[in-house]
Each structure stands twice: as C-alpha cells, then as structure tokens.
Amino acid sequence: MNVTTTVVSAPGLRHSRAALVAAVTGFFVITLDAVVVNVALRQISLDLGATITGLQWIVDGYTLLFASCLLSAGAFSDRMGARRAYAIGMAAFVITSMGCGLAPTVAVLIIARILQGTAAAMMLPASMALIGEAFPDPAKRAHAVGMWAMGGALASVSGPVLGGLLSLVDWRLIFLINLPVGSAALILLRRVPRSAHRSVPVDWAGQITAVTAMGALTYGAIEAGAAGITAPLTLIAFALFILAGAGFVVAEGRGKHPMVPLPLLRDRTLAVSIGIGFSYMVGYFGLPFVMSLYAQQERGLSPVETGVVFVPMMLGGAILTPFIAGLSERLGARPLISCGMTLMAIGLTVIALLPASTPMWVLAAVMVLVGLAGPLVIPTITAVLLNSFDAQRAGTVSGVFNTSRQVGGALAVAVFGSLLARSTTFLQGFATSLLIAAGLALVMAILATRLPRR
C-alpha cells in the first residue's frame, strides 16, 4: 500500500502561539496528575482503605498505561495529525479525570487512573509534535520547548502544595481540577491549523506486543513487591514481558510499515536519550514517592507540610527553566545534560546517607539538587531530539523517548514500593531506593557525553 502524506502550511504567529499554549497546558496537566497524587496517598488510604499495594497501583495505574501506550500514541499522532491526536487525548483525559474524582472504591479509582494514563499517552507525543510543526526554525523551537518544559515545571512546583491543600478539603479535587483546565485547552486548540498526517497501515502486531510488554513489565515489578519475585503471577508477568518484547522486535523488523523502525533505535542520539529519560524519571518519580511516605509515616507531617517540603526542589527547577534555551545555545547540550544528571546523583546520594534525625528543612534543601536536574535535562534533550529527526517522525521519536521516561517512573514506584515493603526497616528501603536511582543517574551523566554537541 502506498504511503501518502498530507502537507499543511506552517502556521502564522498567532496560530503558533495557540499551538504552544495548548501544548504547554497538556504537559502541565499530564505532569500535575503524575505528582499531585503523592501527597494525597495517606488521605486516599484512610478514606478508601487502600493498602501499600493499592497505593502503588493508584500511582502506577496512571504510568502503567501511559508507558505502555506511548509508542502506539506516537505512531498514531504521525498518522492522524498532531492536532487531532491531541484533541482526542485531552477530551479523554477530562472524562477520565472526572472518573477518578468520583471513584467510590480503590478498584474503581485504579481503573480510572489506568484510563487516564491512556489519555495522557495520546496527548504527550502530540503536544511535542505540535511544537515541532508550529516552530520550524531550530532556535525558536528551542525556546518553545523551554516554555513547554516550563509547563511541566510549574505543575511540579504547584503539584505537592496544591495536592496538600486540596486534600484538606477533599482528595477528589486533585482530579476534578483537570476539568476546567482541559476544557480551556480544547477551546484554544480550535485556533491551531490542521496538522499534517501520513496515511499508512496500522502496525497492529507492533502495537499489541508493545502494550503487552510494557504492561507486563510494570505489573511484574509491582507484584514482585507484593507477593515476592518467585510468586507465580510475578514469574508469569516477567515471562510475558520477554515473549512480548521478542515479538515486538520481530514484528518491527519484518513488518512493511513498522511504527518504530529498528534502524531508528540504532541511532546513537535516540539510544542515549532513551537511557537518560529512563534514569532521570527513576530519580524524579521515585524520590517524591518514597519521600512523601517517609515524611508522613515516619516524621508525622501533614499532607500540606509534606507538600511544602517539595517546594524548594520544584521552585529551583522552575526558576532555572527560562534560562535553559540560552545556556544551551552558548554551551551546547552535552554539558547541561551531564551536569543535570550529576546533580541528581549527588542529591539522591546525600539524602540516602543522611541520618534519620536530620531536620526536614535540610532534606528539602538537598532536594533542590534533584529539582535543578529537571530543566537542565528534559528541555535540552527534547530539543536535541526534535532537531535530530524530521517532522514526519516527530510523534514516533517522541513516543519512544517518552516511553523510556514513563517506564522509568513506573518501575521506580513499583521497585521502590517493593523495597519499602520488604526491607527490615522503612529507612533501609528508603536509602536503598535512592542509592539505586543515584547510580543510574551517574551512569547517564557519563553517557551524555555521547550526544551531539549542539
């Protein structure tokens, strides 16, 4: 079957701004729902009677399908056009957020979070592709990516405090707040011109095996903590991951229209970016998960007080974000990314090794090092990817990169939750988790030197 491409002219300034604001809003709500739930976990547990495994699933239910569907979502974004894919994803996100806010039981909340993660997966590659289409000039695109990253930074800053404040009234509000924000983004999207799309057959074998592999991997990690590494369900899940992963490689290698051509994965820039995205999210998602539980269970802090502990970390990253595009132009991508991953490794190591009597304000100050890694790494590596591949592959490349990020976040919560539950003491599991994340960050700080200079 022939492959045809519909080309749409580049948007004007007004349309470019509309596309940027819509993309930023999408990244904002996606990030918000990934971080806001952490400080509300104890309230959800008390209200719905959730166990530690249930709490893991409330967090990972979102990232599970998010990670599993990103490859498919990136390919669909290229096929149907970024604007259309974004609209479908945002509409579904609003509806599923309502389902989370109205959930009467833990099981219903987990199901709603799974569906919400699926909607988020549809949005994220499309939001990056919208920026690529709206800003064809590399310099302007780098600044636009910085603004896009600012949306995530603002969500990270406001998430812990906002979650704590809303949970004082009702934890359900942390999900219901997405309704007006998402609706506004859909209204704004009407100003964005129709995106280019490619008419190609759907790679069903690749789609099914990718979703199965990512889902089985995350499920197996969670079950390993709940039932043990040798439990039957755990072994079945990991075996399914291996089989589905092998099936994905075969499908992409032999298919006529693979959603992720294997030569693409052999590209050095993309390969290193995948490792960086994975390792970054292990630390950036893993730290709030274990620190939120530590602050409330071990130190007796309230949800609002726990949110305040995260403010210096998130605020430091938000303040640095607007300067990243200029720094990248002057210094290049390599030093910024390597520096960011090194700061993360140092921060996580120090937190892990500090004594139990350390004041919370000291922990909050050290966490700033982890927060600074965000703007140094994510907008920089995103700009590198967008400038390294043509616009027709923007959705696919974004899907591959963000899959690595979400798998990292999901596995961090699953593995770290397992370590907390199965360690002799909470503090032992806490320290082990953070040292694992620090080691990964340090390795990727070294490998970042393999990226292009600019």
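FYI, side chains are in, hydrogens and waters are out, and symmetry mates aren't considered; it's all heavy atoms of this structure.
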Min side-chain heavy-atom separation [X]-[Y] under 4.5 Å:
X	Y	value
Arg113	Val37	yes
Thr212	Leu240	yes
Trp171	Leu109	yes
Val282	Leu411	no
Val59	Leu41	yes
Met444	Leu440	no
Tyr284	Ile378	no
Pro375	Phe323	no

For [X] and [Y], which heavy atoms make the closest approach, and how far apart are they?
X	Y	value
Met344	Ala373	CB-CB, 3.9 Å
Val290	Leu434	CG2-CD2, 3.9 Å
Ser273	Ser404	O-OG, 4.4 Å
Ala40	Ile174	CB-CD1, 4.0 Å
Gly283	Pro288	O-CD, 4.2 Å
Pro379	Ile324	CG-CG2, 4.1 Å

To the nearest 0.5 Å, how far apart are [atom1] in [X] and [atom2] in [Y]?
X	Y	atom1	atom2	value
Leu451	Ile276	CG	CD1	4.5 Å
Leu315	Phe310	CG	CZ	14.5 Å
Leu327	Cys339	CG	SG	10.0 Å
Met341	Leu336	CE	CG	13.5 Å
Ile111	Thr96	CD1	OG1	13.0 Å
Leu20	Ser127	CG	OG	10.5 Å

Is there a donor-acceptor pair closer than 3.5 Å between any side-chain N or O of [X] and the backbone N or O of [Y]?
X	Y	value
Tyr86	Leu189	no
Thr209	Gly206	yes
Thr31	Phe27	yes
Arg405	Tyr280	no
Thr449	Ile446	yes

- Would you sort out whether Leu217 and Phe238 count as a side-chain contact (heavy atoms from CB on, under 4.5 Å), showing the intermediate values? CA-CA 6 Å; Leu217 175 62; Phe238 286 140; 4.2 Å; yes
- Test log, rule side-chain contact (heavy atoms from CB on, under 4.5 Å), inputs Leu287 and Ile351: CA-CA 10 Å; Leu287 176 61; Ile351 294 171; 4.3 Å; yes
Taking only distance into account, with no hydrogens and no angle test, what donor-acceptor pairs under 3.5 Å do side-chain atoms of residues 241-248 form with protein atoms, sequence neighbours excluded?
none

- Item | Residues in side chain to side chain contact (heavy atoms under 4.5 Å, CB included) contact with Ile114, at least two apart in sequence or another chain | Leu65, Ile110
- Show your working on side-chain contact (heavy atoms from CB on, under 4.5 Å) between Met122 and Phe93 and close with a plain yes or no. CA-CA 9 Å; Met122 179 66 75; Phe93 192 85; over 6 Å; no
- Please step through side-chain contact (heavy atoms from CB on, under 4.5 Å) for the pair Leu419 and Ile436, ending with a clear verdict. CA-CA 11 Å; Leu419 290 171; Ile436 290 173; 3.9 Å; yes
Acceptor/donor pairs from residues 178-186 side chains to any protein atom, 3.5 angstrom cut, sequence neighbours excluded:
from, atom 1, to, atom 2, distance (Å)
Asn178, ND2, Asp33, OD1, 2.7
Asn178, ND2, Asp33, OD2, 3.0
Asn178, ND2, Ser97, OG, 3.1
Asn178, ND2, Phe175, O, 3.3
Ser183, OG, Leu179, O, 2.8

